[in-house]
Amino acid sequence: MRYSQTFVPTLKETPAEAEVVSHRLLLRAGYIRKLTAGVYTYLPFGLAAIRKVERIVREEMNRAGALELLMPMVQPADLWRETGRYEKYGPELLRFQDRHDRESCLGPTHEEVITDLVRGEVRSYRQLPLNLYQIQSKFRDEIRPRFGLMRGREFIMKDAYSFDVDDEQAGVSYQKMYEAYQRIFTRCGLQFRAVEADSGSIGGSFSHEFMVLAKTGEDTLAVCKACSYAANVEKAEVKARPVVNQDAMLDLGRIETPGKRKVAAVCEFLGIGPEKLVKTMIYKVSGGDGQPVAVLVRGDREVQEVKLKNLLQATDVELLEDKEVFDLTGVPTGYLGPVGLKIKVVADHEVATMRNCVVGGGEKNYHLQNVNMGRDFAVTAVADLRQIAADDPCPLCGGELGQIEGIEVGHIFKLGTVYSAAMRAVFQDHDGQEKPLIMGCYGIGISRIVAAAIEQNHDENGMIFPVAIAPYQVIILNLGLKDAMITAAAESLYAQLQAQGIEVLLDDRDERPGSKFKDADLLGIPFRVTIGTRLAKDGMIEIRHRRDGLTVELMPEQAAEYLLSQIAQSYSAMSGHK
RNA sequence: CGGGGCGUAGCGCAGUCUGGUAGCGCACUUGGCUGGGGGCCAAGUGGCCGGAGGUUCAAAUCCUCUCGCCCCGACCA
């Protein structure tokens with residue numbers, strides 16, 4: 001492609017609306033433009049990167065035996081009512097009526113549609129297993145779209161659905177996808193990690209997330225330094241530690257703590273550490289029994305709301321506002337405690353091991369000391385409810401844990417029969433019995449991968465794309481448009497590389513060298529060839545690696561061979577397979 | 001939805017408090033010089049000041065309503 005013939009509106013200045021680096025660079029480099037909140041047009045270079053990712057995904061899905069199809073974006077409400085999700089999915093599901101007042105929605109995911117399709121066509125175990133996938137635009141009416149392609153409302157996603165005869169076969173399908181995902185992200189040239197995950201609102205029993213490691217990640221991962229354990233902190237299990245504190249229980253005491261509401265203030269006032277204190281947090285619960293619940297965790301710990309949600313089998317939990325707490329309990333926040341509390345109380349494991357701790361007094365300006373669970377108050381459940389901390393041991397091997405940030409780019413679930421049972425998608429097994437299909441679902445955020453790749457690979461001058469997903473592999477800068485020798489060399493190399501199947505961009509614009517260098521860096525193209533006055537001076541052209549700045553000088557006739565071998569090397573370094 | 005902020009030229013912004021000629025930088029057009037990291041000189045083009053209503057002799061500026069966008073929280077590929 002000739003630069004003068006394409007459409008890459010680069011920006012010298014940074015658009016004000018962009019917060020994260022991938023969003024800023026995608027706008028500046030002319031890869032995307034915003035149409036409206038969370039909805040973007042992919043310009044030619046942005047689309048080229050997307051297509052590269054799609055191609056890798058297709059190849060690996062096909063290799064794993066999945067079959068591509070394409071489902072509609074517009075879906076009838078009735079289908080969603082069958083699984084109860086039309087009501088449950090919430091405002092993220094964009095609903096509308098067509099001219100006949102038929103209720104419809106834009107597909108945020110396609111479990112219902114695929115299950116509807118399969119129940120109509122699959123009758124026998126002999127038609128299974130089946131794994132169907134599509135690459136489709138999805139729409140989720142996010143409360144707050146942000147970060148450009150990272151969290152848009154409209155985004156491109158690959159979603160696959162597997163159908164099996166039993167749990168064991170479903171496990172095989174799951175494992176195949178797990179392996180395909182490993183290959184996909186490796187081939188994309190990304191540093192990533194598969195982690196155990198919460199299965200979230202889609203439901204189901206077992207799940208992994210694929211996380212691109214980047215400082216700007218929205219998720220935090222707990223990763224063992226000794227073994228292979230890695231999990232989203234939402235999920236990372238905190239093992240109940242052995243009780244070390246066998247002190248005798250002391251007499252309960254009431255102490256005045258005027259104006260001391262925060263853990264830190266109470267601790268300072270009483271001269272104790274936060275590990276001697278128990279926090280009481282009250283949550284509003286949607287789903288489950290719907291009753292508000294008080295959660296107890298140690299003073300220096302955080303409640304992990306996903307764990308709480310799972311314990312209560314709730315669809316959502318939300319911390320009560322200060323005023324709501326007072327209305328419910330008559331106690332201002334800061335002085336809440338489990339003693340004498342009238343609502344349901346659940347405690348983190350750790351609280352059960354604590355002796356003689358301090359809790360809120362249940363009235364303004366008072367706390368209680370030497371409080372002991374069991375003697376002074378009762379709880380309805382003791383469970384793993386807090387977020388894993390840096391000093392917690394690995395739940396698998398007991399080793400030391402580290403925490404890193406990640407961007408979720410893929411998620412695989414074992415769904416079981418959640419959808420097939422609700423929608424009566426059944427098959428007849430060997431034994432003649434009718435059974436629900438065992439399902440799995442597997443998502444990859446295609447457009448998000450492009451953003452994540454940039455978050456992970458950039459510098460102050462712009463993007464640095466991995467070769468496999470760069471819109472072009474090579475950019476040739478012709479710095480002597482009016483010089484016949486320079487132009488001839490540039491044109492010749494351009495033709496040679498194209499003949500070799502290399503995707504190459506020739507910067508033939510009548511621009512000053514500075515602009516061309518800046519744009520080349522910004523666009524993130526892995527290899528840059530500079531052909532300028534040095535050709536006349538010493539017969540050399542220059543090839544520079546975008547990632548590390550490594551620069552070599554060569555004679556023009558050596559260039560194509562050099563680039564070919566460098567590109568091949570880059571690919572083999574990130575081949576997901578032999 | 002709650003909290004904070006912003007809508008003025010394609011982009012980034014000033015002007016708004018204190019009403020009175022709509023401005024700056026970048027980009028764009030033309031000419032010239034220049035030519036290895038966003039160059040220089042000169043001359044230009046481009047605005048219903050988000051929209052509607054109101055106050056006023058006079059509104060980008062004050063008032064009311066409205067639409068849109070961004071940032072912080074709960075959601076997720």
Side-chain angles (χ1 to χ4, degrees), chain A residues 9-20 23 27-28 30 33-39 53 57 89-93 108-110 135-160 181 197-198 200-202 209-212 218-219 232 234 283-284 286 305-306 309 315-319 321 407-413 441-452 461-462 477-483 486 509-522 528 530-535 537 541-542 544 551:
Chain A
T10 58
L11 267 22
K12 203 188 286 188
E13 285 171 286
T14 303
E17 68 194 43
E19 182 76 0
V20 297
H23 190 195
L27 288 168
R28 274 198 62 206
R33 284 293 183 264
K34 185 177 73 181
L35 177 63
T36 182
V39 178
V53 174
V57 169
Y89 209 92
E92 227 173 86
L93 182 64
T109 177
H110 284 72
I135 294 176
Q136 182 39 313
S137 283
K138 308 270 183 186
F139 192 91
R140 295 186 189 168
D141 200 357
E142 296 276 349
I143 297 165
R144 186 154 86 85
R146 58 185 140 170
F147 304 154
L149 294 192
M150 289 261 270
R151 182 178 297 280
R153 292 195 296 165
E154 187 175 298
F155 56 99
I156 300 172
M157 183 172 163
K158 186 281 307 181
D159 49 324
Y181 274 40
D198 182 70
S201 61
I202 297 183
E209 286 169 339
F210 289 78
M211 298 286 196
V212 168
E218 293 187 84
D219 288 280
N232 194 313
E234 289 177 355
Y283 280 85
K284 195 182 322 189
S286 311
E305 297 182 2
V306 173
K309 195 161 87 177
T315 52
D316 198 21
V317 296
E318 191 184 345
L319 203 55
E321 308 273 325
I407 300 165
E408 183 185 358
V409 290
H411 201 160
I412 60 180
F413 296 88
C441 86
Y442 316 92
I444 290 182
I446 302 280
S447 42
R448 182 182 278 185
I449 284 180
V450 174
N461 295 313
L477 304 189
N478 177 350
L479 297 190
L481 278 180
K482 291 167 190 138
D483 181 308
I486 291 171
R509 294 174 301 166
D510 183 15
E511 290 289 339
R512 296 176 57 81
S515 303
K516 296 191 175 195
F517 286 128
K518 289 290 185 189
D519 278 336
D521 285 348
L522 185 59
R528 185 188 78 194
T530 308
I531 305 180
T533 49
R534 271 173 217 170
L535 185 63
K537 222 178 293 167
I541 66 175
E542 178 190 290
R544 181 180 159 99
T551 305

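Within every chain, numbering begins at 1; the chains are lettered A, B, ... in the order of the sequence lines, protein sequences first and strands thereafter. The figures that follow rest on heavy atoms only: side chains count, while hydrogens, waters and symmetry mates do not.
- In the interface, the side chain of A:Asn461 is not paired with the base of B:G37 through any donor and acceptor atom under 3.5 Å apart.
- Within 4.0 Å (heavy atoms only), A:Gly532 reaches at least one base atom of the nucleic acid.
- At the heavy-atom level, A:Glu305 lies nowhere under 4.0 Å from the strands shown.
- For A:Arg151 against B:C76, a side-chain-to-base donor-acceptor contact under 3.5 Å is present.
- Among the atoms of the strands shown, base atoms are found under 4.0 Å from some heavy atom of A:Asp510.
- Counting any heavy atom pair closer than 4.0 Å across all strands shown, A:Arg528 reaches a base atom.
- If you check every strand for non-hydrogen atoms under 4.0 Å, A:Gly480 touches nothing.
- B:A42 is paired with B:U30 under the Watson-Crick or G-U wobble criterion, all donor-acceptor distances under 3.5 Å.
- For A:Lys12 against B:G12, no side-chain N or O and base N or O form a donor-acceptor pair under 3.5 Å.
- A:Gly152 comes within 4.0 angstrom of a nucleotide base, judged by non-hydrogen atoms across all strands.
- Searching all strands for a Watson-Crick or G-U wobble partner of B:C65 with both distances below 3.5 Å returns B:G51.
- Below the 3.5 angstrom threshold, one finds no donor paired with an acceptor across the side chain of A:Arg146 and the base of B:C72.
- You'll find a donor-acceptor pair under 3.5 Å spanning the side chain of A:Arg512 and the base of B:G39, going by distance alone.
- When heavy atoms are screened at a 4.0 angstrom cut-off, A:Glu13 is found touching base atoms of the nucleic acid.
- Summarising the base pairing, B:C1 is matched to B:G73 through a Watson-Crick or G-U wobble pair whose two defining distances lie under 3.5 Å.
- The side chain of A:Lys516 places no N or O atom within less than 4.0 Å of a non-bridging phosphate oxygen (OP1 or OP2) of B:G38.
- Pairing for B:A58 is absent, with no Watson-Crick or G-U wobble pair whose two atom distances lie under 3.5 Å.
- Using a 4.0 Å heavy-atom distance criterion, A:Asp159 is classed as making no nucleic acid contact.
- A:Arg33 comes within 4.0 angstrom of nothing in the nucleic acid, heavy atoms only.
- Residue ring and base: A:Phe155 counts as stacked with B:A77 (centre distance below 5.5 Å, interplanar angle below 30°).
- For A:Arg144 and B:G3, a side-chain-to-base donor-acceptor distance below 3.5 Å is absent, hydrogens and geometry of angles not being considered.
- Considering only the side chain of A:Glu19, B:C72 comes nearest among B:C75, B:G68, B:C72.
- B:A14 is unpaired under the Watson-Crick or G-U wobble criterion, no partner having all donor-acceptor distances under 3.5 Å.
- Nucleic acid contact for A:Glu209: none, since no nucleic acid atom lies under 4.0 Å from a heavy atom of the residue.
- Counting non-hydrogen atoms under 4.0 angstrom, A:Thr14 reaches the backbone sugars and phosphates but no base.
- The side chain of A:Lys138 contributes no N or O atom lying less than 4.0 Å from OP1 or OP2 of B:C76.
- At a threshold of 4.0 angstrom between heavy atoms, the contacts of A:Ser447 with the nucleic acid are absent.
- Side-chain contact check for A:Arg28 versus A:Thr10: every heavy-atom pair is 4.5 Å or farther apart.
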